[in-house]
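Take a look at the structure below.
Chain A is the first sequence line, chain B the second, and so forth, proteins listed ahead of strands; every chain is numbered from 1. A quick note: this is a predicted structure, and the numbers were derived from the prediction, not measured.
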Amino acid sequence: MIEIQRIRERKEEVLEGLLKRNIDATKEVTQILTLDQEWRSQKTALQNLEAELNTISKKIGQLFSKGKQAEAQELKTKTAELKTSVQAVKKIEEELENNIQSLLFSLPNVCTTEVPKGKDESANEIIEEKGTSPSKEAAAIPHWDLAKTYGLIDFELGVKVTGAGFPFYRGQGARLQRALVSYFLDEAVNAGYEEYVSPLMVNEESGKGTGQLPDKEGQMYYMPADDLYMIPTAEVPLTNIYRGVLLPDANFSIKLTGHTPCFRREAGSYGKDVRGLNRLHQFEKVEIVRIETPENAETALQEMLSHVKHLLESLGLQYRVLRLCGGDTGFAAAITYDFEVYSAAQEKWLEVSSVSRFDTFQSNRLKLRYKDENKKSRLCHTLNGSALALPRIMAALLENNQGPNGISIPECLTRYTGFKTITNNT
RNA sequence: GGAGAAUUGGCAGAGUGGUCGAUUGCGGUAGUCUUGAAAACUAUUGUACCGAGAGGUACCGGGGGUUCGAAUCCCUCAUUCUCCGCCA
């Protein structure tokens, strides 16, 4: 949620940042400012009435204790009148506040100045590309066929037991999955992130805190019997650890990591994009989350980008880094960098990581603050990124490392897999 | 799942309808004393919002209600603890 303060003080900057997303919010912002002014005057009026009521009530108490019943009764009739006006003003004040809130909730985050303007992924900027991939001839077979040949992943079995998008991994496939999780977690811990095992379901409050609710509830699996949501990413439980927290000083840099399955309904997805591991309802991911002062946020972002690059390089994958345009940037993010790896067999780039700065958008909803040097409460900045999401990494590894004698495993993983090559085990 | 008890400021813990934003202790901060420290003493010490300011309003687990007035009474939800049951 954008801070109302920011809209009051730097309206132009807010409008410009939203324009990056092709959103002209002039109407909403003007409306917010008008309502805000009205709300403040009603609030003042309300508080004055309440103050008066409090004074009289106190007086009544004093009169009663002195035994002056008659005078007390007289004052009582006066309060009745006051009370009805308090209630009336309160109702107006609350209504105004709700309207402002829902307008603020409807606005996405303000994009930073580096974010290119644009409607969709065609306007994304490629800012870096690194590594090489095998030729189409050398890596001809797509991962869904390799997975079958080598008995690594069983999609049909998943359909039988649950439904499409819920595959079984087995044998060396399961082991490779576990190896990737361990490797990514170890690397994150080595980089100073504290490892958490988190709940896989969250309550409504948490969904709101990170911005999944109320806008994107169709993306999450919901359990009405218990009013809980399956997490679409570890970002939700990890960031919500700090919901409602007031850090005592500016001397912090909080780094969290966690491995979780992620559950996404992916309503509306179809076609060849969903083939094999490309788009699943349940997949594994290692997430990194940071909570920083505004001053340190950009440095933290750069560190996270380097961390992801290091992972991809150690796996020997060709990758490129995109700076997403406004229209492709998620609702809550101020700026997002996507990492894509190249799949030779599919002849296309697959998104494997997304690293974002949220500035105060999440912390404003979370009420996550710290005390600055002047003992003033300020909102923290939050950041997060995938490091990494497994399925497409697995797809690229299988496809790009296939050979006549099996699929070779990158060296950094062999101590986790216990094998160097995937051989036919069906 | 059943029965009972509880939830108050950083922590401990008073407070059962009126001057209680809340006794007190510990802790924190500042000062006095001291070469320095400790001890002792003194002062200070929650959050958010409205207001140019003076000041005001709200908050005693969450929400609602009764009342001129609620930490205190009522309803409801959540959480914790104890006992029983079940269980990886």
*Short side-chain donor-acceptor distance under 3.5 Å, A:Asn296 and A:Thr293*: yes

*asked:* Please confirm whether the shortest side-chain N or O distance from A:Arg369 to OP1 or OP2 of B:A48 is below 4.0 Å.
replied: yes

*Would you please classify the geometry between the A:Tyr319 ring and the A:Phe339 ring as parallel, tilted or perpendicular, with 30° and 60° separating the classes?*
tilted

*Selected nucleotide, minimal atom distance to A:Trp39 side chain, candidates B:G56, B:G21, B:C50*: B:C50

*Could you tell me whether A:Ile56 contacts a base, only the sugar-phosphate backbone, or nothing, with contacts defined as non-hydrogen atoms closer than 4.0 Å?*
nothing

*Nearest of B:C68, B:C49, B:G51 to any side-chain atom of A:Thr44?*
B:G51

*Under a 3.5 Å limit for both distances, which nucleotide forms a Watson-Crick or G-U wobble pair with B:U72, could you say?*
none

_So if I take every side-chain heavy atom of A:Lys83 and compare against B:G51, B:C49, B:U67, which nucleotide ends up nearest?_
B:U67

*Is the distance from OP1 or OP2 of B:G18 to the nearest side-chain N or O of A:Lys59 less than 4.0 Å?*
no

*Determine the contact category for A:Ser377: base if any of its heavy atoms lies under 4.0 Å from a base atom, sugar-phosphate if only primed atoms, P, OP1 or OP2 are that close, otherwise nothing.*
sugar-phosphate

*asked:* Can you measure A:Lys76 atom NZ to B:U67 atom P for me and round it to whole angstrom units?
replied: 10 Å

_Separation of B:A78 P from A:Asn203 CG (nearest whole Å)_ = 13 Å

*Selected nucleotide, minimal atom distance to A:Lys43 side chain, candidates B:A58, B:C50, B:U67*: B:C50

*asked:* Roughly how many Å apart are B:G13 and B:U8, using the C1' atom of each and rounding to a whole number?
replied: 9 Å

_Protein-nucleotide distance (A:Leu63, atom CG; B:G17, atom P), rounded to Å_ = 20 Å

*Please determine if a side-chain N or O atom of A:Asn54 lies less than 4.0 Å away from the OP1 or OP2 oxygen of B:U57.*
yes

*Interatomic distance where CD1 belongs to A:Ile4 and P belongs to B:C50 [whole Å]*: 9 Å

*Under a 3.5 Å cut-off for both distances, is B:U7 Watson-Crick or wobble paired, and to whom?*
B:A78

*Between A:Leu246 and A:Gln62, which is nearer to the 5' end of RNA chain B once each is assigned its nearest nucleotide?*
A:Gln62

*Atom CG of A:Leu152 and atom CZ of A:Arg175: how far apart are they, to the nearest 0.5 Å?*
14.0 Å

I'd like a table of donor-acceptor pairs (distance under 3.5 Å, sequence neighbours excluded) in which one partner is a side-chain atom from residues 226-234 of chain A, with atom names and distances.
residue	atom	partner	partner atom	Å
A:Asp227	OD1	A:Tyr222	OH	2.7
A:Thr233	OG1	A:Glu235	N	3.0
A:Thr233	OG1	A:Lys285	NZ	2.9

*Taking the C1' atom of each, how far is B:A70 from B:C50, in whole Å?*
24 Å

*Starting from C1' on B:C50, measure out to CD on A:Gln5 and report it in whole angstrom.*
13 Å

_Residue mapping more 5' on RNA chain B - nearest nucleotide basis, A:Ile60 or A:Asp36_ = A:Asp36

*Taking atom C1' in both B:A78 and B:G61, compute the distance separating them and give it to the nearest angstrom.*
8 Å

*How long is the line joining CG of A:Asp226 and P of B:A78, in whole Å?*
11 Å

*B:A30 to B:G46 separation - P atoms, rounded to the nearest Å*: 16 Å

*In the strands shown, is B:G53 matched to any nucleotide by a Watson-Crick or G-U wobble pair with both distances under 3.5 Å, and which?*
none

*Given that both distances must come in under 3.5 Å, which nucleotide forms a Watson-Crick or G-U wobble pair with B:A14?*
none

*Quickly, which of A:Arg265, A:Met201, A:Arg264 forms a side-chain contact (heavy atoms from CB on, under 4.5 Å) with A:Tyr221? Name it, please.*
A:Arg265

*In whole angstrom, what separates A:Leu53's CG from B:G69's P?*
6 Å

*Sort out the partner of B:U44 for me: Watson-Crick or G-U wobble, both distances under 3.5 Å, none otherwise.*
B:G28

*Please state how far atom CG in A:Leu366 lies from atom C1' in B:U47, giving the value in whole angstrom units.*
17 Å

_Rounding to an integer number of angstrom, what distance separates B:A6 and B:C59 when you compare their P atoms?_
24 Å

*Out of B:C68, B:C50, B:U47, which nucleotide sits closest to the side chain of A:Lys371?*
B:U47

*Given that both distances must come in under 3.5 Å, which nucleotide forms a Watson-Crick or G-U wobble pair with B:U19?*
none

*How would you label the contact of A:Thr79 with the nucleic acid (heavy atoms, under 4.0 Å): base, sugar-phosphate, or nothing?*
sugar-phosphate

*asked:* Between B:G15 and B:C73, how far apart are the two C1' atoms, rounded to whole Å?
replied: 16 Å

_B:G1 - base-pair partner by Watson-Crick or wobble geometry, distances under 3.5 Å_ = B:C84

*Can you tell me, in whole Å, how much space there is between the C1' of B:G36 and that of B:G27?*
24 Å

*Does a donor on one side chain and an acceptor on the other come within less than 3.5 Å for A:Asp338 and A:Ser354?*
yes

_Check: A:Gln172 and A:Phe419 side chains under 4.5 Å, non-hydrogen atoms_ = yes

*B:G9 to B:C20 separation - C1' atoms, rounded to the nearest Å*: 13 Å

*Tell me yes or no: between the side chains of A:Ser253 and A:Glu292, is some donor less than 3.5 Å from an acceptor?*
yes

